[in-house]
Amino acid sequence: MSKPERGSSGGARPADARPALRRDPQERAAELRRELEHHNHRYYVLDDPEVSDSEYDALINELRDIEAAHPELLTPDSPTQRVGAKPLDRFEAAEHLQPMLSLANARNEEELEAWVQRTDRRLQKEEVDDADIRYVTEPKVDGLAISLVYEHGMLVRGATRGDGRVGEDVTQNLRTIKAIPLRIDDAPPLLEVRGEAYMPRSAFARLNEQRAEAGEPTFANPRNSAAGTIRQLDPELVAARPLSMWSYSVGALEGIELQTQWESLEWLKQHGFRVNPEIERHDDVPSVVEACVAWEERRDALDYETDGVVVKVDDLALQRRLGVVGREPRGAIAWKFAPMTATTTLKGVMWNVGRTGHMVPFASLEPVQVSGVTVKLATLHNEEDLRRKDVRDGDEVIVMRAGDVIPQVVSPTPGAQRRRKRSPVPEPPSECPSCATPTIKPEGGVWTICPNRAGCPGQVFQAVKHFVSKGAMDIDGLGEENARRFLSDGLISDVADIYELDEGRLTSLEGFGEISASNLVASVERSKQVPFGRVLYALGIPGIGYVNARNLTAHFRTMHALLEAAPEEVTEAPGIGPVLAETIVETLSEQRTRELIARLREHGLHFEETGPAPGTEGPLAGRTFVITGTLPDMSREKATERIEEAGGKVTGSVSKNTDYLVAGEDPGGSKFTKARELGTEILDEEALVALLEGDS
Ligand code: IVH
């Protein structure tokens with residue numbers, strides 16, 4: 001599951017969300033911050049947005065404008081201040097207020113029962129009846145432990161765990177995570193919140209895909225990618241990667257008291273922190289065991305990785321009385337799931353061709369069970385990854401499954417690497433495995449490619465598979481099997497042909513019923529509504545993964561502008577470096593890319609951002625107004641407000657850029673005269689209202 005888009009039109013739009021130019025900027029800024037915090041909370045913490053992306057953008061842009069005009073009003077907790085800090089040279093050390101401990105493990109029911117008995121025995125000595133002990137179970141999310149310190153409600157420091165006593169100060173990176181409140185209301189003087197920062201699986205899969213394509217090393221798992229991201233020195237880069245956080249406990253605390261773990265979690269939730277909704281409280285041990293077992297069965301279904309369940313004694317006073325042994329508190333334990341890795345023999349490295357022509361290595365394995373699933377094939381990502389991992393045919397290798405992510409070969413086992421007679425390093429094939437064209441390694445390139453771009457069935461198949469995939473055009477009914485069949489039957493020969501499929505032809509195929517045919521055609525039709533960012537991603541241009549596509553379309557807004565852009569201009573889009581920009585421009589200038597785009601455009605796909613550019617929303621988008629004189633029924637403030645609400649701009653003096661002069665009684669002489677001179681259209685109040693209401 002990936003993050004939902006904010007609702008397209010949004011539910012209730014707060015009545016006071018519209019720009020109010022003449023209001024006290026300080027008051028308006030405070031109001032906007034509250035509103036934006038509310039929407040952040042709805043979106044990033046509760047997963048239940050109330051407004052659309054463009055409504056959110058309009059609010060944050062209004063706040064940015066106010067802050068730009070009145071820098072003295074800027075506050076560190078402003079939602080505009082999540083990103084913006086400069087890259088660091090290194091992280092400062094952060095000494096924890098209380099040590100960050102680790103957990104003892106229970107690998108099975110017996111070990112969990114043994115822990116319960118030990119706990120009961122200790123507490124009985126203290127005259128606590130085991131019937132009074134309650135437990136809380138929490139998914140043990142596999143990310144990295146984080147400590148957040150709030151002083152009087154303001155986030156003052158965020159740190160990694162480090163060695164448990166001293167971590168690294170990664171405050172500016174954590175500030176970019178929107179599930180972390182920068183400020184909380186009704187706060188005690190000191191509060192430390194502990195939790196797990198993590199990368200959702202869906203985001204991890206996309207990130208790796210993008211990195212593999214850009215020739216960068218891939219991350220082995222979501223945990224590594226979250227840890228690697230948090231330790232980036234440049235917060236801009238962190239902000240571009242979708243991290244989130246589950247808060248799971250309160251550390252140092254002054255000014256209020258929390259009696260139980262459950263109460264702490266409730267308190268955290270009420271104060272805007274993201275608390276895992278799967279957390280449960282139990283009165284007895286069988287119910288704890290049941291929860292642990294149930295969790296293990298569900299682990300694949302969630303968009304975050306878990307490696308176990310944390311079981312905690314609910315009563316915090318009892319937890320304290322139980323104390324700590326070594327670095328592990330006695331009052332909690334981690335029920336560990338079966339590992340997601342296994343060891344098996346690599347029968348051989350095989351090669352496929354990717355959608356951009358590069359040779360993609362994959363492993364054929366001696367079948368092995370990895371957390372309940374038989375794995376026979378695993379990805380090796382790309383040539384570079386293969387070399388880095390140094391796996392050879394016949395090696396014993398470690399294989400990992402990470403949920404819905406394709407299984408991968410992690411590394412050879414240490415034993416395999418010590419083998420005396422290892423096979424040679426696998427080399428990419430000299431002929432394309434799909435079309436037998438001799439492969440080449442372009443000068444300066446990192447990968448071997450099949451140069452037969454348009455004619456290689458393997459590349460076309462991969463391109464179609466990518467084009468119809470969920471994150472791209474999301475066309476149902478054109479799975480791998482059908483795609484192969486349509487290509488080999490000549491029904492389609494590239495992605496544009498998908499838009500020419502008709503029910504008649506489809507139903508003439510053996511085994512293709514009317515219902516499947518009409519569903520497919522409907523799904524193809526629906527895909528025409530896919531926004532430009534996803535269309536650009538769907539084209540499968542080397543280096544344009546999901547994130548880059550969205551950044552490019554937000555920056556250029558139209559395909560035309562992107563096609564016209566020189567490499568230097570392409571680097572102006574966030575996250576695009578000079579090398580990538582060259583590749584993008586080169587591919588986009590190819591005749592066949594241009595032809596493909598032209599054909600897709602004819603079929604009605606979006607090659608323009610249809611959403612408004614920030615600040616230009618509404619029927620009067622891009623039009624400039626000047627108001628003069630007193631309007632009969634509307635105050636000038638009201639008129640300004642309504643024009644801005646409709647996306648127009650109100651300025652103070654008439655120039656050749658002015659589209660309309662709104663003139664009331666006693667119009668100011670100079671504005672009126674200038675407008676006459678320039679031939680600017682002059683409106684009275686009635687005409688303005690008509691324009692606002694779309695009557696003209
Ligand atoms: S409590 C006293 N609760 O597991 C230990 N830890 O070895 C405090 N983790 O590094 C941890 N989810 O990052 C706790 N709901 C949860 C957790 C959790 C994940 C991680 C944590 C720590 C490791 C414990």
Side-chain angles (χ1 to χ4, degrees), residues 94 96-107 111-112 115 119 135-148 158-168 170 174 177 179-180 192-200 221-224 226-227 229-231 243-253 258 260-269 273-282 288 291-292 295-296 298-299 302-316 318-337 339:
H96 295 301
L97 304 175
Q98 289 179 0
M100 289 183 82
L101 303 172
S102 45
L103 292 169
N105 293 334
R107 277 161 305 175
E111 291 186 5
L112 183 69
W115 170 74
T119 316
Y135 301 92
V136 174
T137 53
E138 306 175 3
K140 186 167 182 299
V141 176
D142 201 9
L144 73 158
I146 289 298
S147 146
L148 304 170
T160 60
R161 177 174 182 278
D163 64 5
R165 192 182 66 80
V166 182
E168 283 178 313
V170 288
L174 294 175
I177 301 180
I180 296 180
E192 184 197 7
V193 177
R194 302 257 172 104
E196 197 82 355
Y198 71 96
M199 184 172 290
N221 52 46
R223 205 203 90 78
N224 286 8
T229 303
I230 287 289
R231 300 203 65 260
L243 293 180
S244 193
M245 170 162 162
W246 295 118
S247 297
Y248 57 63
S249 69
V250 173
L253 181 65
L258 296 165
T260 64
Q261 168 66 4
W262 189 255
E263 191 193 340
S264 309
L265 296 170
E266 287 296 320
W267 192 93
L268 287 172
K269 252 189 272 180
F273 292 90
R274 191 156 172 264
V275 173
N276 198 309
E278 310 286 345
I279 294 177
E280 289 172 20
R281 182 152 65 165
H282 309 267
V288 170
C292 291
W295 254 100
E296 188 150 4
R298 284 186 54 208
R299 70 189 293 207
L302 296 149
D303 197 28
Y304 47 86
E305 295 241 304
T306 50
D307 58 350
V309 178
V310 183
V311 184
K312 299 176 181 172
V313 171
D314 187 32
D315 188 321
L316 297 176
L318 294 187
Q319 276 197 19
R320 279 190 291 273
R321 275 155 71 179
L322 284 162
V324 175
V325 49
R327 309 205 51 77
E328 293 162 359
R330 290 199 188 90
I333 195 160
W335 162 283
K336 293 289 264 192
F337 294 154

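When a ligand or atom number is given, it counts from 1 through the structure's own listing order.
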statement: Close residues (non-hydrogen atom under 4.0 angstrom from ligand 1) work out to Leu101, Ser102, Leu103, Glu138, Pro139, Lys140, Val141, Ala145, Glu196, Tyr248, Val310, Lys312, Pro329

- prompt: Under 4.5 Å between any side-chain heavy atoms of Arg231 and Glu168, yes or no?
  reply: yes

message: Contact between Phe337 and Lys140 at the side-chain level, heavy atoms closer than 4.5 Å - yes or no?
response: no

message: So, taking the atom named CH2 in Trp295 and the one named CG in Leu302, what distance separates them when rounded to the nearest 0.5 Å?
response: 4.5 Å

- prompt: How many angstroms lie between atom CD of Glu111 and atom NZ of Lys336, to the nearest 0.5 angstrom?
  reply: 12.0 Å

query: Restricting to pairs with a member in residues 319-332, which pass salt bridge (Lys or Arg N to Asp or Glu O under 4.0 Å), not counting sequence neighbours?
result: Glu126-Arg321

query: For Gln261 and Glu138, does a side-chain donor sit closer than 3.5 Å to a side-chain acceptor?
result: yes

